[in-house]
Amino acid sequence: MVFVTRRPPLFLLLAILWIGVGPDLAIGQSPDSTIVELPEVTVEAVRGAETEASAPFAVTVRSRSPEEVALTSSTSLDDVLRPLPGVWVNDRHHFALGERISVRGVGYRSNFGVRGVQVLYDGIPLTLPDGQAFLDVVDPAVVRQVELVRSPASVFWGNGSGGVLFLSSSGTTPPPNRVRVQGGNYGQWQGLVEGGGTVGPWTVHGYASGQRQEGYRAHSQGYRVRAGGTARRALGPDTRLRIVAAADQQDTENPSSLTREQFNDDPSQARSAFVDVNAGKQSSQVQLGASVDHDLGGTTLSGTAYGLRRSLDNPLNYAFIRYTRWSGGARFTLRRTKGRIQGGVGIDAGIQSDDRVEYDSTANGDPFGPIDQKQLETVLNGSASGYIRLNATDRLALTGGLRLDQMRFEADDGLTKDGDQSGTRTFSSVSPSFGLSFDAGPAQVFAQYSTAFETPTASELSNRPGGGGGFNQQVEPQFTRGFEIGARGAFPEARLQFDVALYRLEVDDLISAYEDADGRDVYDNLAANTHDGIEASLTWQATDALEVATRYTGSRFVIDESNDDSLVGNRVPGIPSRRLYLHTEFSHDGWWGRISGQGVPSYYTNNANTAEAPRYVLVNLNFGHRGIDMTGLTLKPFVTVNNVLNERYAGSVVVNAFGGRYYEPAPERSFSAGLNVEW
């Protein structure tokens, strides 16, 4: 049995009812004969000549329908990524820390930001040279296409590429001009303006949004505003220019995590130590990028340059952290996408500069008292890579890739209260990959060996046990070797699409986090982990108006070796061993709806495997109208019911938290409603 629940009949009954009325729903719907064909779109996330159909590795390209974009609440990336196999998203339901994202168990240690997964938004990397990413600028309400590479992919992107997540706000069709408002329980309000068109030689798309909430939990009130856009134009018959910008500003409280006793007694409470110091986050981020593609006739020359500025004020119970970050980079690739031999070469360079100050205590969210740390942290990264695809026959293709990376971390201690702790850490890596794919008719069969490396981030290096300046000299990079086989394809007559992959990851020198007594996250290396798993998805387009889809992720992540012998044989914490997702989606007479469910068993929250997060079944309901014509305007109302079964569950956990404070509770049953006005 995949999971156990106290209340399965309601979920199953609703799903059966929706499926049962399916054949009568195809009224006035236009046929969609492509729903069961794998698209021949280039997978942008891998910077090569691969498509979803031909790639020799596990990859999912998901285009969100106009109905899903308009008629779902989409206030969290969990809403966007939950239907994908192999990825685990923890939603904290407040803005202070963002979502915790893990692919095949890589990145599970992240208690803030994203580690181990390379993330790009509209083609611009959000992952910094040190391997961490902050996704505050991504507005889930405008994400229209997702590419997820579930394999280790350092050959394409280098540091922190245990997987690749590529998010796009434009999709395959031009977004509509619209105004959207929605509100719901716990003081949630959101407004969005989006539009685009042609201005001279430019094709433009832009959006701006604001979101405010009181929060389900005490001390989780906050607001955020976002804006972004793209502009494209042709510079000639063979040359295209694209400019991308995005920005975010937020001010939010942080309720922190709870013990199991507090979680059981009152999950809406906040940790008192965080309330006492008004813990939270004030941050802003602005980024800008430009790319040029030039077609040389079967070969494409591309160049991209980008930069960002981020500032943060972060009062916590043990310190007030303030920094200003500048980062940027450039990459150039030459790709051949036609002929028997395809592939490409590329070079990358990146720089990151963090001006960090840490005060040793806080009061009402303001810094005071002596400075515990003041230093400038600089990260430099340079790399060269190559990737080749040999189409040996019409059905068989062989691939290979290699990347060389050199990274330098430098700390300039500006305080020297315990002596000058300035210093450097230098890391280098060689990342190979080999794969093959075979067209077996209805299925594309693939196999691959790939690698990834992940350095500790600048903030992880600066979090020395006991505080102070300089870098932690004990923590080293982790290295991953991945082996996988799989198949994906379609049965057009049965209107079925399928995707299955089996994999093993061998992770050496795993970077692990633990929380010390004062609440500081400190990092060290476990010796080795093994991650075994299976990922499967099946989508059935029963009629033109009814879709049924299921996704299953099963895993066995084990600590094989450790400096602490008592941990050997334990399960990796923070990741459930199984996850089952399914949804039923229908449309009828202008109305659209979707019921989705996710079952998760209990899972460990610490390396010692002495505490668990409770199992749960999460059911969500979305319902709305595809468009009511109002003479030049189109109205699209919608309602959302989250956690229909009113489960008490942890939306996220803090792995290895001190004092057993592992649990970050999610809201009870909640309702929201909204309206899109399009023209």
Side-chain angles (χ1 to χ4, degrees), residues 1-3 8 11-12 14-23 25-26 32-39 41 51-55 57-65 67-68 80-89 103-104 145-151 437 439-446 484-503 533-555 576-587 593-601 617-620 622:
M1 180 171 290
V2 175
F3 57 87
F11 175 45
L12 294 179
L14 288 171
I16 291 170
L17 284 174
W18 283 30
I19 294 172
V21 300
L25 296 175
D32 188 354
S33 60
T34 65
I35 192 66
V36 292
E37 296 180 7
L38 288 178
V41 296
T51 69
E52 184 183 8
S54 65
F57 44 78
V59 60
T60 301
V61 178
R62 177 175 181 252
S63 295
R64 303 178 72 211
S65 67
E67 292 79 13
E68 182 182 352
V80 176
L81 302 180
R82 191 182 302 131
L84 303 178
V87 62
W88 172 240
V89 182
V103 175
R104 293 183 173 178
Q145 183 162 304
V146 180
E147 298 177 18
L148 177 65
V149 177
R150 307 191 296 270
S151 308
S437 61
D439 184 357
Q444 189 81 17
V445 181
F446 63 87
E484 64 180 332
I485 58 173
R488 56 180 169 264
F491 296 101
E493 294 182 358
R495 305 173 71 94
L496 286 173
Q497 274 188 269
F498 64 91
D499 185 349
V500 62
L502 293 88
Y503 67 88
I534 180 172
E535 300 155 350
S537 66
L538 183 67
T539 302
W540 177 38
Q541 192 70 32
T543 73
D544 294 330
L546 178 68
E547 176 186 279
V548 181
T550 183
R551 314 282 187 254
Y552 175 74
T553 301
S555 59
S577 60
R578 301 176 301 278
R579 183 172 71 90
L580 178 65
Y581 167 88
L582 63 88
H583 75 240
T584 303
E585 193 172 296
F586 81 95
S587 58
R594 183 177 64 189
I595 183 170
S596 62
Q598 177 173 254
V600 177
V617 173
L618 184 64
V619 179
N620 296 329
N622 298 277

Partners passing side chain to side chain donor-acceptor pair (under 3.5 Å) against Thr550 (at least two apart in sequence or in another chain): none
field: Pair Arg64, Gln145: side-chain N/O donor-acceptor within cut-off below 3.5 Å
entry: no
field: For the student: nearest non-hydrogen atoms of Phe498 and Ala443, plus distance
entry: CZ-CB, 3.7 Å
task: Would you give the length of the straight line joining atom CG of Asp439 to atom OG of Ser54, rounded to the nearest 0.5 angstrom?
output: 10.0 Å
statement: Nearest heavy-atom contact between Ala536 and Pro85 is O-CB, 4.4 Å
query: Heavy atoms, side chains only, cut-off 4.5 Å: are Val59 and Arg488 in contact?
result: yes
query: Mind checking whether Ser555 and Trp88 have side chains closer than 4.5 Å, heavy atoms only?
result: no
statement: Shortest non-hydrogen pair, Val103 vs Val149, comes out as CG1-O, 4.5 Å
task: Might you work through the ring pair (Phe, Tyr, Trp, His ring centres under 6.0 Å) test for Tyr552 and Tyr581, ending with a clear yes or no?
output: CA-CA 6 Å; Tyr552 175 74; Tyr581 167 88; over 10 Å; no
- request: Walk me through it: do Ile595 and Asn620 pass the test side chain to side chain contact (heavy atoms under 4.5 Å, CB included)?
  value: CA-CA 6 Å; Ile595 183 170; Asn620 296 329; over 6 Å; no
message: A side-chain contact here means heavy atoms from C-beta on lying under 4.5 Å apart; do Arg594 and Phe586 qualify?
response: no
task: Find out whether Ile485 and Phe446 are in side-chain contact, i.e. whether some heavy atom of one side chain is under 4.5 Å from a heavy atom of the other.
output: no
query: Any Lys/Arg nitrogen of Arg62 or Glu52 sitting under 4.0 Å from an Asp/Glu carboxylate oxygen of the other?
result: no
- request: With the side chain counted from C-beta on, respond yes when Gln541 and Gln497 share a heavy-atom pair under 4.5 Å apart, and no when they do not.
  value: no
task: Could you list the residues that satisfy side chain to side chain donor-acceptor pair (under 3.5 Å) with Glu484, not counting sequence neighbours?
output: Arg104, Ser151, Gln448
Residue that, paired with Val87, satisfies side-chain contact (heavy atoms from CB on, under 4.5 Å) out of Val146, Leu148, Thr553: Leu148
message: Can you list everything that forms a side-chain contact (heavy atoms from CB on, under 4.5 Å) with Val445? Sequence neighbours excluded, please.
response: Ala440, Ala487
message: Would you say that Glu535 contacts Arg579 through its side chain, given a criterion of any heavy-atom pair below 4.5 Å between the two side chains?
response: no
message: Pairing donors with acceptors under 3.5 angstrom, does anything connect the side chains of Thr539 and Arg551?
response: yes
- prompt: Any side-chain donor paired with an acceptor under 3.5 Å for Thr60 and Arg150?
  reply: yes
task: Determine whether Val80 and Glu68 make a side-chain contact, defined as any pair of heavy atoms from C-beta on separated by less than 4.5 Å.
output: no
